[in-house]
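Both ligands and their constituent atoms are indexed starting at 1 by order of listing.
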Amino acid sequence: MSSNLLVLGIESSCDETGVALVQARGQEVPVLLAHALHSQVEMHEAYGGVVPELASRDHIRRVLPLTERVMHESGLSIKQLDVVAYTRGPGLAGALLVGAGVACALGAALGKPVLGMHHLEGHLLSPFLSADPPEFPFVALLVSGGHTQLMQVDGVGHYAILGETIDDAAGEAFDKSAKLMGLGYPGGPALARIAEQGDPKAYKLPRPLLHSGNLDFSFAGLKTAVMVQAKKLMAARDDAAGGEARREGASGTREWADDNGGRDEAGTFETLPITIRANLAASTEAAIVEVLVKKSLAALKQTGLMRLVVAGGVGANRSLRAQLNAACSAMGVRVHYPELEFCSDNGAMIAMAAAMRLQSGEQKASTVYAFDVKPRWPLNQIQPR
Ligand code: KG4
Ligand code: ZN
């Protein structure tokens, strides 16, 4: 392995196209030279979620201009690249194929090897992009839109799962709760924003598996509890409106409530006073955050490790960060987060993870340019290609 490696990373597993260039010198933590990102959030917003076919087509449009921009910003020539890395899985098959196809074509054209990366390994190692990178070993709390896992990380490629969600991920719990509150897509940041004005103790919501005695999570029941609470609040509002109307001698208020379809529709929730909506959002966030914090502390106790790394989109949540910081400082545990811009999907984490894999000797890049993608791919099953 050359002691100076230039690695291009391409991420296209879901709704962000990310490209980045990282330089690894010897065994030093690799350095990010340039990165560029295009988020498709606006495009998918109208549909209330990611439309896979639209995502793939947009990745095709964006990936080469973003690559050109990254190379231009770095001031280097594409011929100087040593390795082209890409996200091989997990993710949307069509979206992954775009990044894999471009990376392998680029590798073949340049005569440079390619490396297919695991998306979650990218998230896991993303805190190494920060100015204060962690040291191995550590406990990792990986909280993205599709995954919630606690891991013991002993080094690059040495990941043991300590616990994971048995149903919905934490990000999914944020997104689904936000959707039924009419907060749109992506729901997590929107719910967190409105929660800042609310009382997290206003409504009692379940803390699933909090006392299960293991490190697994379950968030599927939470959205049902949020829905039941939202229905109660809307029924109370409708009853109050009905009483008001009856007092005023008006008729048909009940029909209005029923015609409106109801209380099952997210739209009607939006008409509740902002304080009530903020209180429900804050209570939902508090339920998710409490479980994540308590299980992280339990993982630290179980492993005896004194370092926690938080990664993935939900790692951007301010309440989660504040509560983890407070709890960990009380235990003398150091917590590391990726920079906010690298919490959600990006190319920098893929380039960084690839560079670290190559440095560690865990994996070699390949000059076999035939590629496949792995839409489903458990992190503990990473095999060198
Ligand atoms: O890691 P990520 O960008 O994509 C996946 O690999 O899944 O995570 C996206 C998830 C979404 O569920 C999004 O709602 C959530 O992260 N998220 C947040 C926040 N920012 C992003 N959830 C709560 N609070 C936030 N501030
Ligand atoms: Zn992700």
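- Here His123 has side-chain heavy atoms under 4.0 Å from ligand 1, and that is the only part of it that gets that close.
- With hydrogens left out, the protein atom closest to atom 22 (N) of ligand 1 is Gly188 CA, 3.6 Å, a heavy atom.
- Using a 30° and 60° split on the angle between ring planes, Phe138 and Phe136 fall in the parallel class, below 30°.
- Those atoms of ligand 1 with a heavy atom of Phe174 less than 4.0 angstrom away are 22 (N), 23 (C).
- At a threshold of 2.8 Å, the Zn ion (ligand 2) has a backbone or side-chain N, O or S atom of His119 nearer than that distance.
- What you find for Leu96 and Pro90 is that their closest heavy atoms are CD1-C, 4.1 Å.
- With a cut-off of 2.8 Å, the Zn ion (ligand 2) has no N, O or S atom of Cys14 in range.
- Less than 4.0 angstrom separates some heavy atom of His119 from each of these atoms of ligand 1: 6 (O).
- Looking at Ser130 and Glu339, their side chains never bring a donor and an acceptor atom within 3.5 Å of each other.
- At the shortest separation from atom 10 (C) of ligand 1 among protein heavy atoms lies Gly145 N, 3.5 Å.
- Atom CZ of Arg61 is surrounded by more than 12 heavy atoms from other residues, nucleotides or ligands within 6.0 Å.
- Salt-bridge check for Asp216 with Lys295: failed, with every basic side-chain N at 4.0 Å or more from each acidic carboxylate O.
- The protein heavy-atom contact nearest to atom 4 (O) of ligand 1 is Asp345 OD1, 3.4 Å.
- Here the N, O or S atom of Asp345 that is nearest to the Zn ion (ligand 2) is OD1.
- Side-chain contact check for Thr17 and His38: no donor-acceptor pair (N or O, by modelled atom type) lies under 3.5 Å.
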* Would Lys294 and Leu210 count as a side-chain contact (heavy atoms from CB on, under 4.5 Å) if you check the C-alpha gap in whole Å, the side-chain angles of each, and the deciding distance to 0.1 Å? -> CA-CA 7 Å; Lys294 294 243 165 92; Leu210 189 61; 3.7 Å; yes
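- Atom 23 (C) of ligand 1 has Asn317 ND2, 3.5 Å as its closest protein atom, hydrogens excluded (heavy atom only).
- For the side-chain contact (heavy atoms from CB on, under 4.5 Å) criterion with Val309, the lone passing option out of Met151, His336, His123 is His336.
- No side-chain heavy atom of Gln23 sits less than 4.5 Å from a side-chain heavy atom of Ser74.
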* To do: Step by step, work out the side-chain contact (heavy atoms from CB on, under 4.5 Å) result for Asp345 and His119.
  => CA-CA 9 Å; Asp345 295 347; His119 179 82; 3.1 Å; yes
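- The closest approach between any non-hydrogen atom of His147 and ligand 1 is not below 4.0 Å.
- Of all the atoms in ligand 1, the ones that sit under 4.0 Å from a non-hydrogen atom of Ser344 are 3 (O).
- Residue, atom and distance of the protein heavy atom nearest to atom 21 (C) of ligand 1 are Gly313 O, 3.3 Å.
- Protein heavy atom nearest atom 11 (C) of ligand 1, with residue, atom name and distance: Asp175 OD2, 3.5 Å.
- In summary, Arg334 and Asp132 engage in a salt bridge, as defined by a charged side-chain N under 4.0 Å from a carboxylate O.
- Taking a cut-off of under 4.0 Å to the non-hydrogen atoms of Gly171, the atoms of ligand 1 that pass are 12 (O).
- Protein heavy atom nearest atom 15 (C) of ligand 1, with residue, atom name and distance: Val314 CG2, 3.9 Å.
- Close approach of ligand 1 to Gly146 (heavy-atom distance below 4.0 Å) involves ligand atoms 7 (O).
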